[in-house]
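Before any comments, here is the structure.
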Amino acid sequence: MNLIVNKYKIELSKILNCNPQNLFLYWKGRVALYAALKAIGIKENDEIILPAFTCVVVPNAILYLKAKPVYVEIDPENYNTNFENIEKAITKSTKVIIIQNTFGLSSQVDRIVVLARQNNLVTIEDCTHGFGGFYNGKPNGSYCDFAFYSTQWNKPFSTGLGGILQINNEKYYQKIKQLEKEKIKPSLFEKFILKSLILFNKLFINERTHWMLVKFYRLLSNYNLIIGSNQGSELNSLSMPNDYCKDISSVQVNEGLKSLKKFHLINANRKRNAREYSKFLNSKNKKFVHEKLFDNHLFLKYPVLTNDRKKFLELAEKEKIILGDWFLSPLHPIKGNLKIWGFNCTNFPIATSIASKIVNLPTDINDNSKVLRFLSNHLDLIE
Ligand SMILES: Cc1ncc(COP(=O)(O)O)c(C=O)c1O
């Protein structure tokens with residue numbers, strides 16, 4: 001295992017432009033975030049600033065340490081937090097700022113990092129959507145003390161499930177090394193199931209089967225009947241799953257090495273498709289993401305706001321268009337009450353409104369003509 005792990009780290013470091021020894025691998029991205037928070041020494045009542053438009057597993061990692069997530073409103077232009085809102089949220093108890101590359105976009109990372117240093121705060125870049133993208137000429141993940149990445153099903157490259165932590169501040173290296181000893185090894189059964197799911201995904205998920213199989217997979221994983229992206233307890237409580245701090249497996253490392261070979265090709269598609277969606281939406285006077293915002297970024301998904309998401313998704317399913325449904329709620333994928341995560345929707349009108357309208361267009365496809373035709377036929381449903 002050590003040999004292929006080292007090879008995988010070397011391949012990752014070529015893209016991330018970092019020292020392979022500063023990369024650590026986990027079963028999921030959220031475990032990498034949790035490890036970073038532990039290494040920083042986060043404890044009860046410490047405050048962690050994060051976007052009010054994220055995946056629920058991010059506040060979960062904070063709450064498992066009894067710390068307090070402090071959500072910050074997002075900017076409707078780029079779906080990320082901005083400098084001013086973060087500055088207002090800093091208090092004496094703030095310890096960390098999490099900066100997210102939502103849909104692959106990043107913004108004001110350098111300015112926010114300077115602000116954090118001035119206030120003696122640690123920075124973590126949530127690059128789960130942004131692996132391989134650039135911000136101001138440097139790869140995403142280069143600016144903060146830590147960066148973490150996800151290689152889950154829909155991410156820039158996939159190993160089924162998977163997480164990577166990058167340390168840029170050597171001060172935390174020994175602590176992360178120490179935490180390595182606490183990682184639980186995936187069982188043979190888990191490896192077998194994951195390998196089977198990866199194979200099943202390659203063989204059977206296509207335009208025709210996507211919607212049905214994704215719904216079925218999510219249902220099974222919410223009831224813990226399959227190895228899923230989320231376990232039931234992560235979606236309805238603040239209790240940390242028993243086997244949360246899990247190590248990466250050989251299945252994921254081998255899959256990662258294979259996936260990385262196609263990575264540059266897929267990224268070229270992502271940029272081209274995003275540019276074409278922007279051009280199309282702009283020409284129809286619809287909300288689009290300005291090219292200046294993603295010139296160098298990796299556009300994992302292309303966000304579109306609809307005025308009737310239910311209908312838009314139903315039509316997409318009928319016409320076999322694979323759309324993403326992130327982030328259906330400010331704390332994706334929780335649809336109900338967000339109070340247990342300390343989130344009050346009335347305080348975040350922009351994030352809440354966007355979450356009620358958003359769908360994501362695919363960017364990793366070779367031919368986007370079918371998607372453009374679909375948009376063209378349903379312009380009345382797009383904002
Ligand atoms: C913004 C964001 N952060 C963190 C994560 C967690 O990644 P993982 O599923 O690998 O734990 C996700 C998952 O999709 C995400 O969207």
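For reference, positions follow the sequence shown, starting with 1. The shown structure was predicted, so the numbers you read here are calculated from the model rather than taken from an experiment.
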Rounded at 0.5 Å granularity, tell me how far [atom1] in [X] sits from [atom2] in [Y].
X	Y	atom1	atom2	answer
Asn347	Tyr71	CG	OH	11.5 Å
His129	Leu105	NE2	CG	11.0 Å
Asn82	Glu87	CG	CD	10.5 Å
Ser158	Lys202	OG	NZ	8.5 Å
Ser107	His297	OG	NE2	8.0 Å
Leu323	Leu361	CG	CG	6.5 Å

Test log, rule ring-ring contact (aromatic ring centres under 6.0 Å, His included), inputs Phe131 and Phe263: CA-CA 10 Å; Phe131 178 93; Phe263 180 70; 5.3 Å; yes
Would you name the heavy atoms of [X] and [Y] that are closest together and state the gap between them?
X	Y	answer
Tyr277	Pro362	OH-O, 2.7 Å
Met240	Cys245	CE-SG, 4.1 Å
Ala36	Ile124	CB-CD1, 4.1 Å
Ala351	Ala52	CB-O, 3.1 Å
Leu338	Cys345	CD1-SG, 4.0 Å
Gly141	Asn168	O-ND2, 2.7 Å

Full working for side-chain hydrogen bond (donor to acceptor under 3.5 Å, both in side chains) between Thr346 and Asn344: CA-CA 6 Å; Thr346 50; Asn344 183 347; 2.7 Å; yes
Determine, for [X] against [Y], whether the closest basic-nitrogen to carboxylate-oxygen distance falls under 4.0 angstrom.
X	Y	answer
Glu314	Lys311	no
Glu180	Lys177	no
Lys14	Glu11	yes

Mind checking whether [X] and [Y] sit in one hydrophobic cluster, side chains of I, L, V, M, F, W, Y counted as touching below 4.5 Å?
X	Y	value
Val58	Leu238	yes
Phe280	Val304	yes
Phe83	Val109	yes
Phe157	Ile322	no
Leu37	Ile90	no

Donor-acceptor under 3.5 Å (Ser142 side chain, Lys138 main chain):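 No.
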We want to know whether [X] and [Y] form a side-chain donor-acceptor pair, criterion being a heavy-atom distance below 3.5 angstrom.
X	Y	value
Asn60	Trp341	yes
Asp325	Asn360	no
Asn136	Tyr143	no
Glu47	Thr91	yes

Side chains of [X] and [Y]: does their closest heavy-atom pair fall under 4.5 Å?
X	Y	value
Leu50	Val72	no
Val31	Lys246	no
Pro69	Leu63	yes
Leu298	Leu300	yes
Leu220	Phe216	yes

For [X] and [Y], I'd like to know if the aromatic rings sit close, meaning centre-to-centre distance below 6.0 Å.
X	Y	result
Tyr26	Tyr34	no
Tyr79	Phe327	no
Phe343	His332	no

Side chain to side chain contact (heavy atoms under 4.5 Å, CB included) between Lys68 and Ile48, intermediate numbers included: CA-CA 6 Å; Lys68 183 177 168 207; Ile48 316 290; over 6 Å; no
Side chain to side chain contact (heavy atoms under 4.5 Å, CB included) between Glu190 and Ser249, intermediate numbers included: CA-CA 9 Å; Glu190 284 170 322; Ser249 67; over 6 Å; no
From CA spacing to verdict: side chain to side chain contact (heavy atoms under 4.5 Å, CB included), Arg309, Leu328: CA-CA 10 Å; Arg309 179 166 57 202; Leu328 304 164; 4.2 Å; yes
Would you mind writing out the side-chain donor-acceptor pairs for residues 144-151 within the sub-3.5 Å range, not counting sequence neighbours?
from	atom 1	to	atom 2	distance (Å)
Asp145	OD1	Asn169	ND2	3.1
Asp145	OD2	Thr123	N	2.9
Asp145	OD2	Thr123	OG1	3.2
Tyr149	OH	Asn140	O	3.2
Tyr149	OH	Gln166	OE1	2.6
Ser150	OG	Gln152	N	3.2
Thr151	OG1	Thr159	OG1	2.7
Thr151	OG1	Gly162	O	3.4

Any salt bridge (Lys or Arg N to Asp or Glu O under 4.0 Å) pairs touching [range], not counting sequence neighbours?
range	result
residues 33-44	Lys38-Glu182, Lys43-Asp46
residues 223-241	Arg30-Glu234
residues 346-372	Glu207-Lys370, Lys357-Glu383

Stepwise side chain to side chain contact (heavy atoms under 4.5 Å, CB included) test for Phe312 and Ile382: CA-CA 9 Å; Phe312 199 79; Ile382 301 173; 3.9 Å; yes
Charged tip of Lys155 within 45° of Trp326 ring normal and under 6.0 Å: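 Checked: cation-pi criterion met.
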Residues that Leu199 engages under side chain to side chain contact (heavy atoms under 4.5 Å, CB included), provided they are two or more places apart: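 Leu199 satisfies side chain to side chain contact (heavy atoms under 4.5 Å, CB included) with Leu203 only.
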Side chain to side chain contact (heavy atoms under 4.5 Å, CB included) involving Ile350 - partner list, sequence neighbours excluded: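 Only Glu73, Ile74, Pro76, Ile354 meet the side chain to side chain contact (heavy atoms under 4.5 Å, CB included) criterion with Ile350.
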CA sep, side-chain torsions, deciding dist, call: Phe192, Phe189, ring-ring contact (aromatic ring centres under 6.0 Å, His included): CA-CA 5 Å; Phe192 169 75; Phe189 179 68; 7.0 Å; no
CG (Asn206) with more than 12 external heavy atoms under 6.0 Å: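 Enclosed.
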Option among Thr54, Thr81, Asn80, Thr128 that satisfies the side chain to side chain donor-acceptor pair (under 3.5 Å) test with Gln100: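 It is Thr54; the other options fail the test.
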